[in-house]
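Each remark here refers to the structure printed beneath this line.
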Amino acid sequence: MQLIHPERLPTSPEELAAGLRLAALKPPGRPYLGLNMVSSLDGKATIDWRTKGLSSELDRRLFHNLRTQVDAVMVGAGTLRQERYGRVIKNEELRQKRVQEGLAPDPLAVIVSARLDLPADLPLLNEPEQRVVIATGSDATLPGLGAQVEYVRVGDDLPRLMAYLTEAHGIRTVLCEGGPTLNSYLFAALLVDELFLTLSPKLVGGAAALTIVAARELVDPAELELVTVAEGEGELFTRWRVRHAS
Ligand SMILES: NC(=O)c1ccc[n+]([C@@H]2O[C@H](COP(=O)([O-])OP(=O)(O)OC[C@H]3O[C@@H](n4cnc5c(N)ncnc54)[C@H](OP(=O)(O)O)[C@@H]3O)[C@@H](O)[C@H]2O)c1
């Protein structure tokens, strides 16, 4: 893997996702939020409703290493209904990397589901070591979960959720892993600070597959500036910072 912008250097997924010190960028009253997505060259986020066909071995390494850089990892219910999520940090080596970065061994998992329509047997919801916040508009609870689960009844109010995560849990940084619907609401609420986007050299086509930011239309297009680009095995690994009007 080669870094090709802002300079040319050999690199690796582990190096691209190390020492990012995102907490230093935390804005007042809410966490700093990075989004991590993979897309085809035509911007599609899925092949046959799954990410699998787009994600390569290098992308998966980057995906897991980015999780070592933040206090919390967030995901939308649609993604959880489609992808089998387990404990966020998958092995001891990655937990050690987090500790060396000054973070807790496991990040807080944050799930967003307005209707609380989640599979109760999802491994993520049943790992005893995993702390999970479920942000929901429902008054219900899911039966018999094995993880350490807290319900936060914020409805669809994402700014309130973000403020709560900082106030109640001291969360300074969040990595959101989609999906496209949640992404659109986060962008609309001006809560996204940066985007890690892997460009997989494929075209998916058609109108059905969601692009990486779908559902809600943005009143003004989000504007981003390029931070880094790396190339590996024909894929581009990009990092962008969102310009916020000051
Ligand atoms: N390419 C990639 O990097 C990538 C990443 C992630 C996912 N994906 C793919 O994307 C697809 C899923 O996309 P999606 O857009 O349907 O899923 P999503 O964004 O993960 O989830 C949508 C659901 O999240 C909840 N939600 C979103 N915004 C909310 C808000 N403001 N307040 C409360 N709840 C909110 C709602 O849950 P309820 O319906 O439960 O109320 C909504 O139906 C899957 O096929 C997955 O494989 C791809």
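What you see is a predicted model; the values in this text were computed from it and never measured. Both counts, for ligands and for their atoms, begin at 1 and track the order of listing. All values below were derived from every heavy atom in this structure, side-chain atoms included, with hydrogens, water molecules and symmetry-related copies excluded.
- Looking only at protein heavy atoms, the nearest one to atom 17 (O) of ligand 1 is Gly78 CA, 3.4 Å.
- When Ser55, Pro180, Gly53 are checked for heavy-atom proximity to atom 13 (O) of ligand 1, Pro180 turns out nearest.
- Considering backbone and side-chain atoms together, Thr79 places an N or O closer than 3.5 Å to an N or O of ligand 1.
- Inclusion of Ala45 in the set of residues having an N or O under 3.5 Å from an N or O of ligand 1 is warranted.
- For atom 40 (O) of ligand 1, the closest non-hydrogen atom of the protein is Ser113 OG, 2.5 Å.
- Scanning the protein for heavy atoms near atom 4 (C) of ligand 1, the closest one is Met37 CE, 3.4 Å.
- Counting heavy atoms closer than 4.0 Å to ligand 1, residue Leu158 contributes side-chain atoms (C-beta onward) but none from N, CA, C or O.
- Checked options Val112, Leu158, Thr181; the residue passing with Leu186 is Leu158 (criterion: side-chain contact (heavy atoms from CB on, under 4.5 Å)).
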- Carefully, step by step, assess Glu101 and Arg98 under the rule salt bridge (Lys or Arg N to Asp or Glu O under 4.0 Å). CA-CA 5 Å; Glu101 302 263 3; Arg98 287 182 56 84; over 6 Å; no
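- When non-hydrogen atoms are compared, ligand 1 lies under 4.0 Å from the backbone of Asp156 as well as from its side chain.
- Only the side chain of Arg81 comes within 4.0 Å of ligand 1, counting heavy atoms alone; its backbone N, CA, C and O stay farther away.
- At a 3.5 angstrom cut-off on N or O pairs, Asn36 does not count as close to ligand 1.
- Nearest non-hydrogen protein atom to atom 29 (C) of ligand 1 is Val112 CG1, 3.8 Å.
- On a distance-only criterion, Ser39 and ligand 1 share no N/O pair closer than 3.5 Å.
- For the side-chain contact (heavy atoms from CB on, under 4.5 Å) with Arg241, the qualifying choice from Arg239, His244, Arg243 is Arg239, the only one to do so.
- Taking hydrophobic clusters as Ile, Leu, Val, Met, Phe, Trp and Tyr residues chained together by side-chain heavy-atom distances below 4.5 Å, Leu124 shares a cluster with Val70.
- Protein heavy atom in closest approach to atom 16 (O) of ligand 1: Thr181 OG1, 3.9 Å.
- Cluster annotation: Phe196 is connected to Leu16 through the hydrophobic network of ILVMFWY side chains, with a link wherever side-chain heavy atoms come within less than 4.5 Å.
- A side-chain contact (heavy atoms from CB on, under 4.5 Å) with Pro6 holds for exactly one of Leu226, Val229, Thr228; it is Thr228.
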- Query: Given the rule in the side-chain contact (heavy atoms from CB on, under 4.5 Å) test, do Val88 and Asp106 qualify, once you have shown the distances and angles that lead to the verdict?
  - Reply: CA-CA 7 Å; Val88 176; Asp106 288 279; 5.9 Å; no
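- In summary, Asp121 and Arg84 engage in a salt bridge, as defined by a charged side-chain N under 4.0 Å from a carboxylate O.
- Follow the hydrophobic side-chain contacts under 4.5 Å out from Leu22 and you reach Phe237 in the same cluster.
- Note: an N/O pair closer than 3.5 Å links Arg115 and ligand 1 by distance alone.
- Residues Arg87 and Pro123 are not in side-chain contact: their nearest non-hydrogen atoms beyond the backbone lie 4.5 Å or more apart.
- Protein heavy atom nearest atom 45 (O) of ligand 1, with residue, atom name and distance: Trp49 O, 2.6 Å.
- Hydrophobic clustering (ILVMFWY, side-chain heavy atoms < 4.5 Å, transitive): Leu94 and Tyr85 are in one cluster.
- Annotation for ligand 1: atoms under 4.0 Å from non-hydrogen atoms of Val38 are 1 (N), 2 (C), 3 (O).
- At a heavy-atom distance under 4.0 Å, only side-chain atoms of Leu210, from C-beta outward, approach ligand 1.
- Close N/O approach between Arg50 and ligand 1 is not found [any backbone or side-chain N/O within under 3.5 Å].
- Every salt bridge (Lys or Arg N to Asp or Glu O under 4.0 Å) that Glu83 has, sequence neighbours left out, goes to Arg50.
- When only non-hydrogen protein atoms are considered, atom 46 (C) of ligand 1 lies nearest to Glu83 OE2, 3.6 Å.
- Looking at atom 5 (C) of ligand 1, its nearest protein heavy atom turns out to be Glu177 O, 3.3 Å.
- Here's the thing with Leu54: none of its N/O atoms is less than 3.5 angstrom from an N/O atom of ligand 1.
- Within the listing of ligand 1, atoms 6 (C), 7 (C), 18 (P), 19 (O), 20 (O) sit less than 4.0 angstrom from a heavy atom of Gly179.
- The distance criterion of under 3.5 Å between nitrogen or oxygen atoms is met by Ala114 with respect to ligand 1.
- When Glu7, Met1, Gln2 are each tested for a side-chain contact (heavy atoms from CB on, under 4.5 Å) with Ile4, only one passes: Gln2.
- Only the side chain of Gln82 comes within contact range of ligand 1, with a heavy atom under 4.0 Å; no backbone atom does.
- Residues forming a side-chain contact (heavy atoms from CB on, under 4.5 Å) with Ser39 (at least two apart in sequence, or on another chain): Leu197, Leu199, Ile212.
- In summary, the atoms of ligand 1 found under 4.0 Å from a heavy atom of Gly155, numbered by their order in the structure, are 32 (N), 33 (C).
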- side chain to side chain donor-acceptor pair (under 3.5 Å) between Glu177 and Thr79, intermediate numbers included: CA-CA 9 Å; Glu177 298 180 344; Thr79 300; over 6 Å; no
